[in-house]
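Worksheet for the structure shown next.
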There are 4 protein chains.
Amino acid sequence: MYIEIEPASAVPIYLQLAQQVIEGVASGKLSPGAPLPSVRAFAADLGMNMHTVNKAYHYLEEKKMIEIVPKKGVFIHPEGIREATKEERERLLQELRPILAEAICRKLSKEELAELTGKLIEEIKEGTK
Amino acid sequence: MYIEIEPASAVPIYLQLAQQVIEGVASGKLSPGAPLPSVRAFAADLGMNMHTVNKAYHYLEEKKMIEIVPKKGVFIHPEGIREATKEERERLLQELRPILAEAICRKLSKEELAELTGKLIEEIKEGTK
Amino acid sequence: MYIEIEPASAVPIYLQLAQQVIEGVASGKLSPGAPLPSVRAFAADLGMNMHTVNKAYHYLEEKKMIEIVPKKGVFIHPEGIREATKEERERLLQELRPILAEAICRKLSKEELAELTGKLIEEIKEGTK
Amino acid sequence: MYIEIEPASAVPIYLQLAQQVIEGVASGKLSPGAPLPSVRAFAADLGMNMHTVNKAYHYLEEKKMIEIVPKKGVFIHPEGIREATKEERERLLQELRPILAEAICRKLSKEELAELTGKLIEEIKEGTK
DNA sequence: GTGGTCTAGACCACA
DNA sequence: GTGGTCTAGACCACC
């Protein structure tokens, strides 16, 4: 797992971290049950504060992507990531919406978009950064 | 143009407003050169602060999607929205990335995703909310 | 709303605070949509840290008992507290279980327990502390 | 006695163990004077650390629910579990309070609650897990 | 060693 | 003025 954080980004550090863990799962680099570093170790590793890592972990736990076992450690959810609920699909679509709207304004055709997202999906699955 | 704002959302109000203007353009409801309400009128209409509408407008101006003509008014960019630059395409992909990654974790296949985004694109183009 | 915190208690401060807000709702003192103090004001009021109040608020938000509107304030969930899902009922029962088990060991009969809980419920509903 | 531990629970393992012993007593499966496994044997049996079992035993001893006889073994308190003192009743009520408050918020009526707790009590007494 | 909790103080964007 | 984020450093219970 290589994690790259851009401190200057508008997206909060804890979110960047969480998203990269999610990418790790999507690419298969992180399998169900796999341990994640302790909050302290990860924080030291990434040069950030313990609480920031903690926040990322709790964010992921809420999404049921990881399991935080008090005093034991943190693990990719051992029962596997569950399929999206109707609510979650709806949320993902809502997040997608403004991005697609802007792309359409910018004259990207449906086909171009399909190709771009297709490539992006492959990239994520292969774990290419 | 029906604008719907969710005040409780984590997305800032000014951004929600800007995104809905963009959707208006994407759907063709707002054509190049079309006038937008004055800051004052829009704010009163939507029950929000003038500063908020102003911020949305300047956000859109920076993206070159609208033109603010002092003393005259605000218009959808009359020369049409220009195609995405390389940087903008890159940014759109970066925004897409975490959403797709989560979708993959949630076991959405490439085909399902393509179908969903396809539908969403149609929805936006038709201006269906 | 009178809030009383026991710093020496084994139950974390943020939880005590959250529970007392819940009691406020149960007693009807806090109605749907009612505003709660800002994190800073509440913290100053209660002599605790802003982050502790924040944690209590986010705990309650997760339970959908309050709504945190960024930059606006915090409110008792305006649509009212929704009924317990099957999962939540199950959790409540699991929490009840060890307490009842101990009570049974201590020779409290079913009738005594029913009477005690009945009284306690009335007490909570009336907002008697 | 079947003991089931959820390692991922927020409830400490030693407490889970102690609570299940209490349930054993409540259901009558463990009668006054009945022997409990040695710390070592229990730990091996449950795949947990000796310290953890030890802590559970001392927790139960403090509650006077078991008796630890050095070099002899551990037994359910032979003189029977004594009735709850006033303090203990008070403590049980205090533990009950937040659970009931949440249930009230969730629109569970007094009658529903009475029925649910009644069922739960029967379940515990019968030793149904 | 782990995560959980709490405090303190800071800066930021938003409204 | 609001909540959001981040840092820093501390103590605790549990394993």
Side-chain angles (χ1 to χ4, degrees), chain A residues 5 7-17 35-43 46-59 61 66-75, chain B residues 5 7-17 43 47-56 59, chain C residues 5 7-17 35-43 46-59 61 66-75, chain D residues 5 7-17 43 47-56 59:
Chain A
I5 303 294
S9 163
V11 24
I13 296 178
Y14 84 93
L15 246 192
Q16 292 184 47
L17 175 53
L36 287 168
S38 78
V39 278
R40 280 170 182 76
F42 218 174
L46 300 169
M48 64 178 65
N49 193 285
M50 187 196 77
H51 294 115
T52 306
V53 177
N54 208 279
K55 190 163 188 177
Y57 277 175
H58 279 94
Y59 171 82
E61 191 193 30
I66 67 172
E67 200 172 40
I68 300 176
V69 186
K71 334 290 173 184
K72 284 291 184 54
V74 178
F75 307 87
Chain B
I5 302 294
S9 164
V11 180
I13 294 178
Y14 85 93
L15 243 192
Q16 291 185 50
L17 175 53
M48 60 177 66
N49 197 296
M50 274 174 44
H51 296 336
T52 307
V53 176
N54 214 293
K55 185 153 192 178
Y59 172 82
Chain C
I5 302 293
S9 163
V11 25
I13 294 178
Y14 84 93
L15 246 192
Q16 292 184 49
L17 176 52
L36 288 168
S38 79
V39 279
R40 280 169 182 77
F42 218 175
L46 299 170
M48 64 178 66
N49 192 284
M50 186 196 77
H51 293 115
T52 306
V53 176
N54 207 279
K55 189 162 188 177
Y57 277 175
H58 278 94
Y59 171 81
E61 191 192 29
I66 67 173
E67 199 172 40
I68 300 176
V69 185
K71 335 289 176 183
K72 283 292 185 54
V74 178
F75 307 87
Chain D
I5 302 294
S9 164
V11 180
I13 294 178
Y14 85 94
L15 244 194
Q16 291 187 49
L17 176 53
M48 60 177 66
N49 197 297
M50 271 174 46
H51 296 337
T52 307
V53 176
N54 216 292
K55 185 154 192 177
Y59 171 83

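Note that the structure is a prediction, hence the values are computed from the model and not measured. First the proteins, then the strands, lettered A, B, ... as listed; each starts at 1.
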For this session: Would you name the heavy atoms of D:Leu17 and D:Ile5 that are closest together and state the gap between them?
Result: N-CD1, 4.0 Å

Problem set entry | Side-chain touch A:Leu36/A:Phe75, heavy atoms, less than 4.5 angstrom | no

For this session: Rounded to the nearest 0.5 Å, what's the gap from CD1 on A:Ile66 to CD on A:Glu61? Could you check?
Result: 6.5 Å

For this session: Heavy atoms only: give me the nearest D:Ser9-D:Gln16 pair and the separation to one decimal.
Result: CB-NE2, 3.5 Å

Seminar exercise, completed: By nearest-heavy-atom nucleotide on DNA chain E, the more 5' of A:Val69 and C:Lys72 is A:Val69

Problem set entry | Heavy-atom pair of closest approach, residues D:Ala10 and A:Pro70 | CA-CG, 4.3 Å

Exercise. If you take all heavy atoms of C:Glu67 and B:Ala8, which pair is closest and at what distance?
Worked result: OE2-CB, 3.6 Å

Seminar exercise, completed: Comparing nearest nucleotides in DNA chain F, the 5'-proximal residue of the pair D:Pro12, C:Gly73 is C:Gly73

Exercise. Do any of residues 48-55 of chain D sit with a heavy atom less than 4.0 Å from DNA chain E, and if so which?
Worked result: none

For this session: Counting Watson-Crick and G-U wobble pairs whose two distances are both under 3.5 Å, find the runs of 3 or more in a row that involve DNA chain E.
Result: E:1-14 with F:1-14

Exercise. Which is the 5'-most and which the 3'-most nucleotide of DNA chain E that has an atom under 4.0 Å from a heavy atom of chain A?
Worked result: E:dT2 to E:dC6

Problem set entry | Pairwise 5' ranking along DNA chain E for C:Val11 and B:Tyr14, keeping only the more 5' one | C:Val11

Exercise. What residues, two or more places apart in sequence or in another chain, satisfy side-chain hydrogen bond (donor to acceptor under 3.5 Å, both in side chains) together with D:Asn54?
Worked result: D:His58

Problem set entry | Distance, rounded to the nearest Å, where C:Ile13 contributes CD1 and F:dC12 contributes P | 14 Å

Problem set entry | By side-chain contact (heavy atoms from CB on, under 4.5 Å) - contacts of C:Lys72 (at least two apart) | B:Ile13, C:Val69

For this session: Could you say whether C:Val39 or D:Leu15 is positioned toward the 5' end of DNA chain F, judged by the nucleotide with the nearest heavy atom to each?
Result: C:Val39

Exercise. Can you list the residues that meet the side-chain contact (heavy atoms from CB on, under 4.5 Å) rule with B:Pro12, with sequence neighbours excluded?
Worked result: B:Tyr14, B:Leu15

